[in-house]
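Worksheet: the structure to be examined is printed underneath.
Below, all heavy atoms of this structure are taken into account, side chains as well, without hydrogens, waters or symmetry copies. Residue numbers begin at 1 in each chain, while the letters A, B, ... track the order of the sequences.
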Amino acid sequence: MADVKTNDLMERIVSLCKARGFVFQSSEIYGGINGFWDYGPLGAELKRNVKDQWWRSMTQQRDDIAGLEATIIMSPRIWEASGHVHTFADMMVECPVTKKRFRADQVEESSGIVYKFSGAKDAAGKASEEAFEVMVPLGKPKESALKVAKQFYQSRGLPAPEPIDAGEPAKVEKSTLYSPDSGARLSDPRPFNLMFKTFVGPIESEDSVAYLRPETAQAIFAQFKNVLATSRQKVPFGICQIGKAFRNEVTPRNFTFRSREFEQMELEFFIRPDEVIEAICGDVAKPTDPGHPGAPQTNWGWQMWHQYWVEERIKFYESIGLPRTTLVEYWQKPEELAHYARATVDILYKFPFGKKNAQGELMGEELEGVAARSDFDLSQHQRFSGKSQGVFDEDLKAGWAKLTPEKQADLTKRYYDTRFKYLTKTDERPDQAERMAKEDAAGLAKGNYIPHVIEPSAGVDRLMLALICNAYAEELAPDEKGKMEQRIVLKFHPRVAPIKVAVFPLLKNRPELVQKAMEVRELLRPHMTVFYDEGGAIGRRYRRQDEAGTPFGVTIDFETLGENGPDQKDTVTLRDRDTMTQIRVNIKDLLAVLLEKVR
RNA sequence: GCGGGUGUAGUUCAAUGGUAGAACGGAAGCCUUCCAAGCUUCAUACGAGGGUUCGAUUCCCUCUACCCGCUCCA
């Protein structure tokens, strides 16, 4: 797709989504609400299919994952343990020039001369009346203050601003009002919490504050022990969940891509720490080649499991119609990683609106993050709840007893070190951390440890948008007279297509055709979504279904009735959406043929 | 949050200080033997609120939504 066309392309996709009933703006009749979107009839079907495919691939297709469905509102302490409250309940100030945010209570003190401006004029006649202050260090000339002021007014829409002085410069000592970056006067402190807040119960007080979950993952951790106790699973195993999450994004953007209310499909896959693997198996398998490492093995360390899940997830995307070439596997750089993450791979899709690299190629936007989160989450909940989140592992206990004392000491030391590092990083006092880490390390001999986790976390709505973008095609197709006309078609994989098959009588003014078509509809209806349509010419009906992404059309014609010979009796035309080719299928074989294609 | 742009039918667009028109789409009917054919009929819109004015979809202000750039995305 040509460069200049990408926005147009996205706009056409958005229009089609509205026109065909995939996506509507939330509360549209009241002017809409920023960052919220509804799914229309076809969108709702598509979404169900996507979630069903994921759920099935996680639970029904394997026996080492259990499902969970937790509430959206949970104890606020969960978000304290996860770090969400801590990170974002703070008052923040912003530098108006660099746009960088600082915690209001952590701005460095600075001293210098403060220059004040009442506004600025532009040679072109534009003006700004917004006041601006900037501090420059003692001894620096006024020019450096002017430079920052010009930057500020440029960001306010004046290309060549002339700032207007507002009184004499003043000397200021040890102030926290100015940006450590630019010297510009910081914004007033304001809370910056991306979690939606609400109150449980009729009284709105500090004691009743609760949050809409900003991710579904924490519920899985919080219910880890319950699932473990009831599901007859043991490590390594996973818990998966699909559900709504809410983030009060600063800027929702790009259609449904970044919404404030969205749905996640998350798996937390719990594994043994590498020290435990080593105690049981004698060694720890690490990745040697890229690509899928095959069926899980007992001696896999966290890196093998991580790679395994990255490849499993990509396989999933391919299975619902996103070609490998549209996906990007992005390994986060060490400085991009969250502090608790050992590695994170983002699986990106090349959305038309996405960023481009220097060569003008789309770099992709995130569909899913596959993170190796160590034992951070369960450890946090253990500390905050005071309830053990560890597991007992018989294989470890048995294996440990067979190790040499040197090996035992070595593994104990390594386990101790990582636990100590975690505990000190999360602000435990050094003597406390030492005591707790020792306890944890001593647990190995008894077969106890806190599992580590690999977290593939996908966004349903983003995936839907990717599927729609990927499916969208504008083609030329011949019309009735053989003239080439544009055809718009959504080439969904039959697995996710909202409507699987459309059934048409060739002509609606022949009762025999209509009657037979209705019979075929009833035949298929228990097994898949079927759409019956008799309005207008047959070609029009095909095109309508093309835009809905319906992969198959079945037409009942005069051959079906046996009017053109007995050998064609009870056969129908099966039309393929993508190739527009038609084959004849006997009605008695139709269901089997279609089920084969849509599964 | 900052700056810029836009908001007229389901979609894409037009016109206008005296309350709006098309194309495509939709519905109904006739017709139609496989890819948006034809004919007839019908329905549907000025994002919201203020202001100026005799009168505002049009001019002004505020809000809101969408798009673009920056920022944000824990």
Let's see if you can work this out: which of [options] has an atom nearest to the side-chain heavy atoms of [X]?
| X | options | value |
| --- | --- | --- |
| Ala537(A) | G10(B), U32(B), A74(B) | U32(B) |
| Arg540(A) | A37(B), C73(B), C31(B) | A37(B) |
| Phe255(A) | U32(B), G1(B), C67(B) | C67(B) |

Measure the spacing between CD of Glu368(A) and CD of Glu455(A) and express it to the nearest 0.5 Å.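 Interatomic distance, Glu368(A) CD to Glu455(A) CD, rounded to 0.5 Å: 9.5 Å.
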
Ring centroid separation Phe353(A) to Phe257(A) under 6.0 Å: yes

Report yes if the distance between the aromatic ring centroids of Phe196(A) and Tyr211(A) is under 6.0 Å, otherwise no. no

So, is [X] close to the [N] phosphate, meaning a side-chain N or O under 4.0 Å from OP1 or OP2?
| X | N | answer |
| --- | --- | --- |
| Lys508(A) | C30(B) | no |
| Arg544(A) | G26(B) | yes |
| Ser15(A) | U12(B) | yes |
| Asn34(A) | C66(B) | yes |

P-based separation of C66(B) from U52(B) [nearest Å]: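 Comparing P positions in U52(B) and C66(B) gives a spacing of 31 Å.
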
How would you label the contact of [X] with the nucleic acid (heavy atoms, under 4.0 Å): base, sugar-phosphate, or nothing?
| X | result |
| --- | --- |
| Tyr30(A) | nothing |
| Arg247(A) | base |
| Leu16(A) | nothing |
| Asp546(A) | nothing |

Quick one: the side chain of Glu547(A) and the base of A36(B), do they pair up donor-acceptor inside 3.5 Å? yes

Assess whether one donor atom and one acceptor atom, taken from the side chain of Arg543(A) and the base of G25(B), lie less than 3.5 Å apart.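 Looking at the base of G25(B), it does not pair with any donor or acceptor on the side chain of Arg543(A) (distance under 3.5 Å).
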
Is Glu261(A) salt-bridged to Lys244(A), going by a charged N under 4.0 Å from an acidic O? yes

Salt bridge Asp557(A)-Arg584(A), side-chain N to carboxylate O under 4.0 Å: yes

How about His381(A) and Gln218(A): does a side-chain donor come under 3.5 Å of a side-chain acceptor? yes

Sort out for me which residue in Arg577(A), Lys491(A), Arg575(A) forms a salt bridge (Lys or Arg N to Asp or Glu O under 4.0 Å) with Asp546(A). Arg575(A)

Residues touching RNA chain B, which here means a heavy atom under 4.0 Å, drawn from residues 568-585 of chain A: Thr573(A), Arg575(A), Met580(A), Gln582(A)

What parts of residues 510-519 of chain A reach RNA chain B, counting only heavy atoms under 4.0 Å away?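 Per residue number, the list is empty: none.
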
Cation-pi check, Arg540(A) onto Tyr542(A) ring (under 6.0 Å, within 45° of axis):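 No cation-pi geometry.
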
Using modelled atom types and a 3.5 Å cut-off, is there a donor and acceptor pairing between side-chain atoms of Arg185(A) and backbone atoms of Lys116(A)?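 No, Arg185(A) side chain to Lys116(A) backbone: no donor-acceptor pair under 3.5 Å.
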
